[in-house]
Amino acid sequence: QKEVEQDPGPLSVPEGAIVSLNCTYSNSAFQYFMWYRQYSRKGPELLMYTYSSGNKEDGRFTAQVDKSSKYISLFIRDSQPSDSATYLCAMSGGAGSYQLTFGKGTKLSVIP
Amino acid sequence: GAVVSQHPSWVICKSGTSVKIECRSLDFQATTMFWYRQFPKQSLMLMATSNEGSKATYEQGVEKDKFLINHASLTLSTLTVTSAHPEDSSFYICSASGFANTGELFFGEGSRLTVL
């Protein structure tokens, strides 16, 4: 079993839809959870950053972490064509641990 | 957020030559930088971790003599692909962190290497 599982998609939604992206993981030592957005042929861009369990909201984006279920989610409200990209979940362990473990990424297309 | 600059963004070279890719943290001091490789439709694979002033730590399966990493200052790390071959063609991305114990990283724009 891979440490981080993420459905690669592709996922196509109409403009304005609510998008739900998810990852599951197996390593209970992970404490820091991130979502990155990566446009084609570009480096990843940090979208959301969460420590431990709970919700975090930033504009149209909401990140949720459920450590008991080892499940994280990213919700995008009122999706826009400019949201079309690959979304990577990433996570890291405890103190001093910078190394991220990435999901494979989910490719999202928002259709106008 | 913090800015990480990577150069060049695109490079084409002949087989057997060496290519150097630079990664700079522009507005913060990066004590640790990471180098990744990404194949099409794949996630990022960590190649090595470099700490300023010390030797890089390579992931299993990554040839340290082929992928030379130097982190001579708190704002610059370089990756040199030596004696490049077509199978080295890939998208190379660096990331940097100046923030202790959080795992928060900022990525460069990536460098696409094509070896002919």
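The basis for the numbers below is simple: all heavy atoms, side chains too, and nothing from hydrogens, waters or symmetry mates.
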Nearest 0.5 Å please: distance from the CD atom of B:Gln38 over to the OG1 atom of A:Thr86. 8.0 Å
With hydrophobic residues grouped by side-chain heavy-atom distances under 4.5 Å, do A:Ile72 and A:Val19 end up in a single group? yes
Applying a strict under-4.5 Å side-chain criterion to I, L, V, M, F, W and Y, I'd like to know whether B:Met45 and B:Ile21 cluster together. no
According to side chain to side chain donor-acceptor pair (under 3.5 Å), does anything in residues 100-112 of chain A pair up with another residue at least two apart or in another chain? List the pairs. A:Gln6-A:Thr106
Smallest separation among heavy atoms of A:Gly43 and B:Ile93, with atom names: CA-CD1, 4.3 Å
Given the options A:Met91, A:Glu45, A:Gln38, which has more heavy-atom pairs under 4.5 Å with chain B than any of the others? A:Gln38
Is there a path of hydrophobic side-chain contacts, each under 4.5 Å between heavy atoms of I, L, V, M, F, W or Y residues, that connects B:Leu76 with B:Ile69? no
